[in-house]
Amino acid sequence: MKARIHITLKNGVLDPQGKAIEHALGGLGFAGIDGVRQGKFIEIDLAETDPGKAREAADAMCQRLLANVVIEDYRIDIDE
Amino acid sequence: MKARIHITLKNGVLDPQGKAIEHALGGLGFAGIDGVRQGKFIEIDLAETDPGKAREAADAMCQRLLANVVIEDYRIDIDE
Amino acid sequence: MSNITPEIVAEHGLTAEEYDKVLAIMGREPNMTELGIFSVMWSEHCSYKSSKHWLKTLPTTADWVICGPGENAGVIDIGDGQAAIFKMESHNHPSFIEPYQGAATGVGGILRDVFTMGARPIANMNALRFGHPDDPNTRHLVSGVVAGIGGYGNCIGVPTVGGETNFDPSYNGNILVNAMTVGIADRDKIFYSAAAGIGNAVVYVGSKTGRDGIHGATMASAEFDDDSQDKRPTVQVGDPFTEKLLLEACLELMATDAIVAIQDMGAAGLTSSSVEMSSKGGVGIELDIDEIPVREDAMTAYEIMLSESQERMLMVIRPDAEDAARAIFEKWELDFAVIGRVTDTNRLVLMEGNAVAADIPVPPLVENAPEYDRPWVATPPAGAPSPVEIDQTPMEILKILMASPDLASRRWIWEQYDHMVMGDTVQRPGGDAAVVRIHGSAKGLAITTDCTPRYCVADPVQGGRQAVAEAWRNLTAVGATPLAITDNMNFGNPERPEIMGQFVGCIEGMVEACKALDFPVVSGNVSLYNETNGSGILPTPAIGGVGVIDDAARSMTIGFRNDGDAIVLIGETRGHLGASLLRREIAGKTDGAPPPVDLAVERKNGDFIRARIAGHTVTACHDVSDGGLLVAVAEMALAGDLGAELSTPDTPEWLFGEDQGRYVVATPEPETLLASAHEAGVDAQLIGKCGGKTLTVNGGNSISVTILRGVHESWLPDFMAGPA
Amino acid sequence: MNAAVIVFPGSNCDRDIQVALAASLGSAPEMVWHGEASMPDVDLIVVPGGFSYGDYLRSGAMAAHSPVMREVVRRANDGVPVLGICNGFQILTEAGLLPGVLMRNAGLRFVCRDVDLRVGENKSVFTRHYDARQVIRIPIAHNEGNYSTDPETLARLEGEGRVAFRYCDPSGAVTDDANPNGSLANIAGILNENGNVLGMMPHPERLAEAALGGTDGRAMFDGLAS
Ligand SMILES: Nc1ncnc2c1ncn2[C@@H]1O[C@H](COP(=O)(O)OP(=O)(O)O)[C@@H](O)[C@H]1O
Ligand SMILES: [Mg+2]
């Protein structure tokens, strides 16, 4: 079973990479960009077969290591 | 309109980060992990209102800047 | 019916004649794995088939040379029971295709070449050549290459202390990324690759093997064309963190006596490393494919043998030491697998279960490798330079030159490199040579890389001499005794006689200079086929020089120090403007012969300078190179943030001529200096004195040091700030 | 006075700080491998610079979970001085010993160069050999030194005099131009509430010897020694 985890900066936390990307896209002539945010996307293959248990595990992983909950939010999707 | 872009390493391309994360999760006592891959998740707010045009723009951005198409694949979702 | 069609042979980069040799050696048709092994071993990159004939002419010996070309890196004796181990290597094609990873894995590869021999790397250098700044690709390539070199070197914690960077349209489709590593080992604890001890375990350590860079070695030997994009999947990703662990684990194991032989897996990975070890040791090696740690499922023997996955090593271990060795690699959390044995058959045998996946006699695979004496034509003499009309004042010219792509400050580059980690960097980037102290001692190594491709294309022989001489000069200018060089020969397609002629000419010039300066070649690398759609790069024999200085803290620097010090020019000024930077940047011409290098004078002047630095009679020293005298003085003023007043003829020839074998020094005691120069028969003249905030020629034409700094520092950052 | 230096996989300034400490303390510090759950009794713990775990995921995140870090946190809470330099600073924030985070440099490039720093208060064991507001020159070498935290925390840091170092110009003025990485309020180093834990991005161990171009870093180690 696969856990697909999106880790994004909390609203209000400024995002230097996003800013720089936005700037660079502007430099390349892309217009009409109102904002860019960069986050992480982590895919984990789990031996676990029970979706509930898999989500619990993934959640624990985010809390302990994957996300810095001071500045980051995370979202977990489990697909069989 | 929002472009949500997932950038992931092509199959077979070494993912040192994923490898290290998998290892660290093991060290924290998480069992049953068969693999970890880390990618990027980029959200872009676009003034564009036509989904087709927005996707085209996002695709051009990936090709020119966001993705390293030599080693990365990308997926674009447009939500109104 | 045959499985190996002429097409398959061609895809493997082998000619029909070469394939006939394969058939003769095998006495039968090879299987795909065997063909793959021949193809990488006989690729230009691994076999040096076009260059070997000429490389043999390079001087490679001196009392202080412990190991010359042929091993993973060169080894020289630096006294106190220690040895310096160094080499330079190219990662040109991969860096063009994927600048970050290409450059990063280039650094990783050269680091392994050095620590395989038992050395702890203490410094990295990088010699870079990019296309014209206006080429749409250049900015992207500079940014990726520099980030990649920094990304790898910074992470593993080896300081990147210097290099060189040029821009020229000839590199538009073929940038050059040459990385150099210098390491230190005890001279009685150097490790070689010759396998020995029938029955000893062959051990694989480091990262797992994936489908990375398969056919990278053959790709590195193939001319580019417009569909090179298809070759992209061969790009490998570097893992500097794993390399750091591998470095520490190897050095820890090397402190014991467990290792019989060790060889890194570079280009052509497991193939070249196992062939190397068996051929050097005059033994056979049998490998069990199923024991090799792999990253992906269903990898074939062919893929495993040709994979160029990074951060891997092959070792032969003493039987009694296996457990201790395994424990060390487990501590560092790296794979450690016994994948085979040393045999007495002189054959490389691959077993897949009970089936034989490949069985090749090693001696003919190595000794009968193709070697070509390719036809060549000498480069026609450049002739007398055409006149250059100049209407700018000297300072206007200086301003243009100091802000030109080849002379502008490289700060934007070296600030992305950790050049201080390891705590022994005495001279940081920005001077003539980097000086890195040998840990725990006062002694230091001076390191530089040099080559002037515009000279090499105008006259390969003079260009080859000049590259070696400038490296020797840069080491001398910091007060070091030059000891030896490594080289990286970057050229176009050797199958074209005029290109081969450039190669032959550069080698000839290098041979002369190495002999005259007692500056042997101890390692090197050749990169050919740097050509896109039939147009080759400027011939670029990059030279990496290493010297030693007893008291690193007393090494000489280029910055003017004291108001009132006299400025003395050492070496004769004839005003040579052929192939000069002035000609190119101001007159828009590139014609004319390059300045000749008189090796006897070169040596006399250099030895004189070194003695003065040792005697503490000079307070600053800088060699005169690109852009000539006024540029050299300007660089000294900028480095010391102190102006100067020159009283010299103010002709372009005098101020911007690029005559060789010259140095500018500052000294509080000019009379003594001039007297000793006279005694030594060295050409020397007083040309001015340090002081003030401006640079002035003959009391008239002048420019403020601050303005000069502005233009010199801003070109590269401004260029890089342009659209991605 | 005896010290311990924690060594993680990927640490690469461990030897540098070892040399600098030995010079000031008169005795070489103990090097403690990250896997150890225990640590000798020491009067100072240093978490060195480098790229622990390659800076993968988030710099400092994986090292913060090493067994030895539990012990480091315990000692810190008992008042033992703990110094985190560069990657060590990142590790201490990830371990919760210091507030805030170190994000990617605003310029998105690794920066290695000498910078001018303005010392804050000089009450802590780390800064006592500097004058308050003294301007010193120390090198930085990092990709992720862009300090960030919430307004409340910033207010507390400022109010309690816990900003140990700020990027400034040679005259001591704290300007945007003098800020090499976009750090909030030009913050280069901060202290915990009790003043016994210091995290800083610059590398004092790199300019603690004249032969290397400067000695402004030395006073920190001399101060710790006395
Ligand atoms: N790619 C680079 N990386 C690091 N330092 C560099 C690089 N290119 C140039 N430099 C540094 O810039 C300075 C000037 O380079 P260069 O003009 O080639 O010196 P020289 O003329 O003495 O050979 C040298 O100190 C050199 O080490
Ligand atoms: Mg020079």
Side-chain angles (χ1 to χ4, degrees), chain A residues 1-11 15-50 53-68 72-78, chain B residues 1-11 15-50 53-68 72-78:
Chain A
M1 168 156 278
K2 216 189 201 51
R4 307 170 76 255
I5 302 171
H6 290 81
I7 299 170
T8 50
L9 286 169
K10 288 199 158 83
N11 289 333
D15 173 8
Q17 310 222 47
K19 277 254 149 307
I21 293 172
E22 185 171 348
H23 176 81
L25 287 171
L28 287 172
F30 290 100
I33 298 177
D34 303 334
V36 178
R37 306 278 287 171
Q38 171 162 344
K40 297 194 187 84
F41 174 60
I42 299 176
E43 288 176 299
I44 305 182
D45 295 322
L46 296 163
E48 182 57 63
T49 54
D50 170 287
K53 291 225 185 65
R55 176 176 300 277
E56 269 173 39
D59 189 74
M61 295 176 195
C62 290
Q63 288 288 339
R64 299 246 353 242
L65 179 70
L66 302 182
N68 178 347
E72 295 173 324
D73 295 324
Y74 59 89
R75 200 185 83 234
I76 299 171
D77 303 293
I78 302 291
Chain B
M1 160 159 281
K2 217 188 198 51
R4 307 170 75 255
I5 302 170
H6 288 82
I7 299 170
T8 51
L9 283 167
K10 289 196 157 99
N11 280 336
D15 179 4
Q17 303 220 54
K19 199 175 83 188
I21 293 169
E22 178 172 354
H23 188 269
L25 288 171
L28 288 174
F30 292 100
I33 297 176
D34 301 335
V36 178
R37 305 278 287 175
Q38 170 163 343
K40 294 197 200 86
F41 173 60
I42 300 176
E43 286 176 301
I44 305 183
D45 295 321
L46 296 164
E48 182 58 63
T49 54
D50 170 288
K53 291 223 182 67
R55 176 177 300 277
E56 267 174 39
D59 189 75
M61 296 175 194
C62 289
Q63 288 288 341
R64 294 206 41 203
L65 181 73
L66 303 181
N68 177 351
E72 295 172 327
D73 294 325
Y74 59 90
R75 201 187 78 231
I76 300 170
D77 302 291
I78 302 292

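The structure presented is a predicted model; accordingly, all values stated were derived computationally and were not measured. Chain A is the first sequence line, chain B the second, and so forth, proteins listed ahead of strands; every chain is numbered from 1.
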If you round to the nearest 0.5 Å, how far is CE of A:M61 from CG of B:L28? 9.5 Å

Identify the heavy atoms of B:F41 and A:K40 that sit nearest to each other, and give their distance. CB-O, 3.9 Å

When rounded to the nearest 0.5 angstrom, what distance separates CD in A:Q38 from CD1 in B:I7? 7.5 Å

Check this for me: B:K53, atom NZ, are more than 12 non-hydrogen atoms of other residues, nucleotides or ligands nearer than 6.0 Å? no

Enter the distance from A:D34:CG to B:I44:CD1 here, rounded to the nearest 0.5 Å. 11.0 Å

May I ask you to name which of A:R64, A:K2, A:H6 has the most heavy-atom pairs under 4.5 Å with chain B? A:H6

Using non-hydrogen atoms only, which part of B:A60 is less than 4.5 Å away from chain A: side chain, backbone, both, or neither? both

Spacing of A:D45 atom CG and B:I33 atom CD1 [to the nearest 0.5 Å]: 10.0 Å

Exactly one of A:L66, A:I5, A:I42 clears side chain to side chain contact (heavy atoms under 4.5 Å, CB included) with B:V36, and that residue is A:I42

